[in-house]
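Just so it is clear: chains get the letters A, B, ... in the order the sequence lines come, proteins before strands, and each one is counted from 1. Hydrogens, waters and symmetry mates are skipped; everything else that's a heavy atom, side chains included, is used.
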4 protein chains.
Amino acid sequence: MPRPRSEDKRSAILAAATRVIVAQGLGAPTAGIAKEAGVANGSLFTYFETKAVLFNALYLAIKTEMAEGAMHDLPAGAELQEQFFHVWQKWMYWAVEFPEKRRALAQLAVSDEITPETREAGHRVMAGIADLLERSRAQGAMKKAPRAFVAALMNAMAEATMDFMTQDTENAKKHCKSGFEAMWRAIA
Amino acid sequence: MPRPRSEDKRSAILAAATRVIVAQGLGAPTAGIAKEAGVANGSLFTYFETKAVLFNALYLAIKTEMAEGAMHDLPAGAELQEQFFHVWQKWMYWAVEFPEKRRALAQLAVSDEITPETREAGHRVMAGIADLLERSRAQGAMKKAPRAFVAALMNAMAEATMDFMTQDTENAKKHCKSGFEAMWRAIA
Amino acid sequence: MPRPRSEDKRSAILAAATRVIVAQGLGAPTAGIAKEAGVANGSLFTYFETKAVLFNALYLAIKTEMAEGAMHDLPAGAELQEQFFHVWQKWMYWAVEFPEKRRALAQLAVSDEITPETREAGHRVMAGIADLLERSRAQGAMKKAPRAFVAALMNAMAEATMDFMTQDTENAKKHCKSGFEAMWRAIA
Amino acid sequence: MPRPRSEDKRSAILAAATRVIVAQGLGAPTAGIAKEAGVANGSLFTYFETKAVLFNALYLAIKTEMAEGAMHDLPAGAELQEQFFHVWQKWMYWAVEFPEKRRALAQLAVSDEITPETREAGHRVMAGIADLLERSRAQGAMKKAPRAFVAALMNAMAEATMDFMTQDTENAKKHCKSGFEAMWRAIA
DNA sequence: GATGAATGAGTATTCATTCAT
DNA sequence: TATGAATGAATACTCATTCAT
């Protein structure tokens with residue numbers, strides 16, 4: 001695919017979109033995003049054909065970054081539960097560190113602008129986590145439940161935990177652990 | 001003695017809004033909602049001052065109905081876990097029976113049109129479920145976690161279960177039970 | 001012409017319209033006028049078929065009242081200039097006493113809702129003043145100018161004087177006299 | 001280097017507004033003005049932020065043009081009365097030549113959309129005439145009257161004269177002179 | 001006659017996208 | 001390629017008037 005000249009400008013637009021979406025929601029004018037990014041409003045459309053394309057790209061970019069954050073430094077040799085907890089922790093702390101990205105992602109996730117293809121790509125990007133989950137589930141209480149159901153439950157619990165950690169950063173560490181344990185009890 | 005304001009018409013507008021929101025999202029034109037309700041587009045505004053007021057009213061109406069559905073026929077004398085499962089089941093089946101209401105509610109819930117007051121009222125309406133949860137948590141694995149965190153986890157798991165049941169109605173009953181058990185393990 | 005039941009209500013509407021027009025201009029909603037008058041919005045239309053009809057009626061009512069105020073107690077036996085000054089004075093003081101009526105009248109006068117017929121009727125109502133003017137003009141500096149032109153000049157000067165008196169009520173008496181003298185010099 | 005904002009387009013919008021206001025009043029839709037100007041309806045708003053801003057700009061533009069018309073070719077060395085008559089004549093003939101501009105100005109002048117700042121700017125633009133008037137008044141019959149009052153009287157008489165000249169163009173010249181003389185008698 | 005709910009045409013302004021420069 | 005002016009479709013809400021009660 002032919003990339004437009006400046007990768008910097010592309011990133012600036014994505015970063016600006018994140019900020020603007022958090023502040024004003026998905027209804028925010030593209031002109032505002034362009035301004036925040038320091039480019040002319042028409043230029044936005046040389047990097048992203050439509051607003052929807054921009055949103056899909058942003059969704060995937062944030063989700064990718066989140067997954068990479070979570071899988072970073074995975075202790076491959078360790079016990080399964082320990083590996084999972086490591087990932088969980090990185091995941092949660094990424095969310096606490098980049099609350100704007102997470103909030104933008106949350107808004108994008110419920111939007112009907114995000115296509116099934118983009119959502120599918122989002123899942124693929126999370127494959128590492130899904131794999132851990134799969135191995136944890138296989139012998140546990142939910143061995144008979146469909147894996148997608150279990151994944152949905154884990155995700156839901158992860159989101160709830162992130163929310164709580166972000167709201168009450170003082171006790172973030174405690175909530176992180178307690179959320180993980182609840183998830184592990186539920187699923188493994 | 002003019003025509004009195006009609007409760008029927010109010011309900012028709014709420015019901016129409018539900019359908020239209022599911023089909024077109026929150027950006028749907030008020031004119032479309034009015035048409036779907038069979039009233040003139042100006043009439044919508046004699047029942048709801050603004051679009052935002054309509055959305056807040058709808059959010060609360062659906063949430064109230066959902067809570068009433070869940071708490072219906074509660075076996076007050078039974079064991080705690082049994083009571084909770086009863087409520088859980090009614091709750092899930094309400095969601096399966098009225099998927100449009102649930103989808104509309106989900107969209108409204110993430111909208112920034114819904115005021116904190118409305119959200120607060122929504123919580124009050126769910127007090128019955130919150131109370132059961134509270135009693136379940138008090139002696140269990142999460143007795144030290146903040147109740148709001150536990151409530152958030154339960155809600156998240158409930159939503160995930162509803163989604164799954166709605167997607168795979170054939171096995172709805174199984175998923176309902178399995179979701180409840182996971183929740184109970186996690187929380188009680 | 002068949003009069004509606006209550007003359008009181010009709011007057012209340014006219015009075016309310018005066019106040020509302022001053023406060024909000026001619027674009028003010030009929031509903032607001034009705035409310036100010038203490039009647040239901042539909043009732044306004046049993047007294048005045050349309051908003052334009054109401055405005056025409058109000059224009060004429062105020063103009064009539066103004067003319068009657070001006071011609072009151074005319075000293076029929078006196079010198080022409082004295083008679084004229086008497087009328088001028090009454091006219092100006094009516095304007096100072098009822099500034100709202102005058103402001104409403106001013107707005108109505110420039111509106112294109114007021115029909116030529118209504119304007120014509122307004123002139124007839126001012127016939128007494130016009131007659132004095134005519135007698136004053138006939139021998140004076142403007143004896144060759146069309147009477148309508150002279151009337152227009154006098155009116156314009158009268159309006160300017162009223163404005164000034166209303167703005168600076170402290171010196172109203174002085175301005176009244178000075179305005180009259182200027183008019184007399186110009187016209188007689 | 002995008003298309004620069006076009007001064008022509010701005011003027012076209014002002015000219016179109018003049019015509020449309022005369023034909024339909026100040027309530028005329030902006031879409032109509034845009035169409036008359038030959039621009040898209042959104043374009044109107046790149047030149048004037050709101051309808052009110054457009055109206056204020058138009059008021060000032062017409063008033064400026066009128067003042068410039070009146071003060072053109074002022075015979076600076078001549079007698080005061082002669083200078084004044086020169087200005088008066090130019091002023092009146094400007095009004096006769098551009099009756100639409102004058103009618104639009106009259107409508108705008110009574111509108112409450114025109115801000116005090118704009119009115120103030122309008123006065124400044126007429127400073128040349130005000131100055132002549134001031135010099136004429138200083139030694140005359142109205143030397144003791146407030147200058148604002150005298151200015152108001154002159155303006156009122158000027159407006160009345162313009163109206164009459166426009167209505168009866170055949171005798172415009174005569175009315176022009178006769179109006180001036182009346183004004184001079186009244187004021188100087 | 002009185003009421004106020006019902007009607008639906010009407011309108012300023014916004015905004016994604018295009019395009020002349 | 002970058003710019004920002006140009007475009008015109010889209011939309012919440014208002015309001016004169018009508019009409020059921």
> With Watson-Crick and G-U wobble geometry limited to distances under 3.5 Å, how should the secondary structure of DNA chain E be encoded in dot-bracket form, using | for bases paired to another strand and [ ] for crossing pairs?
Replying inline: .||||||||||||||||||||
>> Near DNA chain E, counting only heavy atoms under 4.0 Å, which residues of residues 15-31 of chain D show up?
In response: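 Those residues are D/A28, D/P29, D/T30.
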> Of the residues in residues 48-58 of chain D, which ones touch DNA chain E at a heavy-atom distance under 4.0 Å?
Replying inline: D/T50, D/K51
[atom1] of [X]: more than 12 outside heavy atoms within 6.0 angstrom?
X	atom1	result
C/E120	CD	yes
B/R19	CZ	yes
C/R103	CZ	no

> Can you name the nearest heavy-atom pair linking D/I33 to D/A16, along with the distance?
Replying inline: O-CB, 3.6 Å
> Charged N to carboxylate O below 4.0 Å: is that the case for D/R10 and D/E7?
Replying inline: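 Yes, charged N to carboxylate O under 4.0 Å.
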> Could D/E113 and D/K51 be called an ion pair, given the rule that one side-chain N must be under 4.0 Å from one carboxylate O?
Replying inline: no
> Applying the side chain to side chain contact (heavy atoms under 4.5 Å, CB included) test to C/L58, which of C/I13, C/L14, C/T118 qualifies?
Replying inline: C/L14
> Atom OH in B/Y59, atom OG1 in B/T115: separation rounded to 0.5 Å?
Replying inline: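 Reported value, rounded in 0.5 Å steps: 9.5 Å.
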> Which nucleotide sits closest to the side chain of C/S43: E/dT3, F/dT18, F/dC19?
Replying inline: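 The answer is E/dT3, which lies nearest to the side chain.
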> Are the side chain of D/D112 and the backbone N or O of C/G25 linked by a donor-acceptor pair below 3.5 Å?
Replying inline: no
Within less than 4.0 Å of OP1 or OP2 of [N], is there a side-chain N or O belonging to [X]?
X	N	answer
A/T46	F/dA2	yes
A/K9	F/dT1	no
B/R5	E/dA5	yes
B/Y47	E/dA6	yes

> In terms of the nearest nucleotide of DNA chain E, which residue is placed more toward the 5' end: B/V39 or C/G38?
Replying inline: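 Mapping each residue to its closest nucleotide by heavy atoms, the 5'-most match is C/G38.
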> Under 4.0 angstrom, heavy atoms only, what part of the nucleic acid is D/K35 near: base, sugar-phosphate, or nothing?
Replying inline: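 Since no nucleic acid heavy atom lies under 4.0 Å of D/K35, the category is nothing.
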> Is there a donor N/O on one and an acceptor N/O on the other, under 3.5 Å, for the side chain of A/N41 and the base of F/dA2?
Replying inline: no
